[in-house]
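Read through the structure below, which is laid out as structure tokens, and then see the notes.
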Amino acid sequence: MKRTLGSLAVLGGAPAFDTPVVFGRPNIGSRKAFYDRLDTVLDSRWLSNGGVLCEEFERRVAQEAGTPYCIATCNATSALQLALRARGVTGEVIMPAFTFAATAHALSWIGLTPVLCDVDPDDGSLLLSEAEALIGPDTTAILGVHIWGRPSRLDELTTLARRHGLALIFDSAHAFGCGWNGRRIGGFGDAEVFSFHATKFINSFEGGALVTADGELARRARRMRNFGIAGHDDVVSVGTNAKLHEASAAMGLTSLDDMDHFVRSNRENYRRYRDELAGTPGLRLLEVDEREANNYQYVVLDVDAARTGLDRDDLLAVLAAENVFARRYFYPGCHRMDPYRTHRPFPGTDSIAARVMVLPTGECVTADDITAVCAIIRFAVERGHEVTRCLRRAA
Ligand SMILES: Cc1ncc(COP(=O)(O)O)c(C=O)c1O
């Protein structure tokens, strides 16, 4: 069937998909393995508080991350707070404006002040020169973020933190299973934090983990995770309840069992998107460095509206009408969110937050789905100026 402007669902055509193709559908491993694990949990009547599955999950996460210590938590936000408190961070913390609100919330919620720094508009990585300029007398830490599991400039960031005597913590919520310079993400800085939320590469429904090579930091964080209790009932520090329960650990372990399969299917999807969209003027798929370990969980499309004539939000609307739900990422940037509004210019963050979308992937998305999604994207972008005119007229 020849595609015409009128065949686009957003302009009155029939949607290309009956069943929605959605970003963020979780990969789910073997149900049998999960239910078997749940049975052992119920049989044991040990549902939380450092159960055997939580301990096994911690061992396997540490092994994957190449770190000696792992403390599993109920989510990454809590793990970030444990890492910051266990490292003794106070005052101001420099972090990128281009990240999920949770990065800033983790700081603010425990009385730290997030100092937002702009990012490179090409890849979303922290601008090192600006970060250095933001260091003041109250700064005690840098909180880096491996956006979409793509770490960058880790050597420079490590040097910067060392030179100024600052703690260095990484929000590695997206980066479980990724690597940099042949090393797994997890062992950089003072501590790193993964998310195992349902939308992440490995999920435990909700969950997170702090990994570190620092035994003392790990010991403190482990205690704080459980109300600051040492031994049975000796409260020796402030604490919280950030424990991962056994049902979540069962899911996390089941997800880990299938990790290689998830990588393979994510990689095939990424490569198919890359090949299908290659050479389309104004579109760029953010590259994954395939020499490193990757989870391929985030297929990021950069839309240059000046060349396509169709901006990112209109392309999202075109796709949504077809029942394809891609997602803006970190829009509009923390500097434009009420609690963190900052009146300095953030041109890098503004630019990337206006241009990128993350495309649907994961085991629920088939090769045919991707071919069809890319055909819609190519058509809409090639006729970008006309599509935009029609959308404005219809509005
Ligand atoms: C960059 C980043 N940091 C932190 C978080 C928070 O993770 P969690 O939901 O496990 O608390 C997320 C969640 O999506 C995230 O994207």
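Scope of the values below: all heavy atoms of this structure, side chains included, with no hydrogens, waters or symmetry mates. Ligands are counted one by one from 1 in listed order, and the atoms in each one are counted from 1 as well. Everything numeric here is computed off the predicted structure, so don't read it as measured data. Each residue takes its place number in the sequence, starting with 1.
- Taking every heavy atom of Thr103 and a limit of under 4.0 angstrom, the matching atoms of ligand 1 come to 3 (N).
- In this structure, Tyr273 contributes its side chain and Pro360 its backbone to a donor-acceptor pair below 3.5 Å.
- Within the listing of ligand 1, atoms 10 (O) sit less than 4.0 angstrom from a heavy atom of Gly207.
- For the residue pair Asp257 / Thr254, no side-chain donor-acceptor distance below 3.5 Å is found, with atom types taken as modelled.
- The residue among Ala198, Ala175, Ala173 with a heavy atom at the shortest distance from atom 2 (C) of ligand 1 is Ala173.
- In this structure, Phe188 and Phe170 have perpendicular ring planes: the angle between them is above 60°, well past the 30° mark.
- In this structure the side chain of Val238 reaches within 4.5 angstrom of the side chain of Arg85, judged on heavy atoms.
- The shortest separation from a heavy atom of Ser78 to ligand 1 is not under 4.0 Å, leaving the residue out of contact.
- Using cut-offs of 30° and 60° on the angle between ring planes, the pair Tyr298 and Tyr329 is perpendicular.
- Counting protein heavy atoms only, atom 7 (O) of ligand 1 is closest to Ala76 CB, 3.4 Å.
- At the top of the distance list for atom 11 (O) of ligand 1, counting protein heavy atoms only, stands Thr77 OG1, 2.6 Å.
- Counting atoms of ligand 1 from 1 in the listed order, those under 4.0 Å from a heavy atom of Asn75 are 10 (O), 11 (O).
- Of the protein's non-hydrogen atoms, Phe100 CD2, 3.5 Å is the one closest to atom 12 (C) of ligand 1.
- Looking from atom 16 (O) of ligand 1 to the surrounding protein, the closest heavy atom is His174 NE2, 2.8 Å.
- The protein non-hydrogen atom at the shortest distance from atom 5 (C) of ligand 1 is Ala102 CB, 3.7 Å.
- The ligand atoms of ligand 1 that sit less than 4.0 angstrom from a heavy atom of Thr99 are 1 (C).
- Summary of contacts: the protein heavy atom closest to atom 4 (C) of ligand 1 is Asp171 OD2, 3.4 Å.
- At least one donor-acceptor pair closer than 3.5 Å links the side chain of Arg378 to the backbone N or O of Glu276.
- For Glu192 (side chain) and Ile185 (main-chain N/O), no donor-acceptor pair under 3.5 Å exists by modelled atom type.
- Those atoms of ligand 1 with a heavy atom of Ser195 less than 4.0 angstrom away are 7 (O), 8 (P), 10 (O).
- Of the candidates His197, Lys200, His146, the one placing a heavy atom closest to atom 13 (C) of ligand 1 is Lys200.
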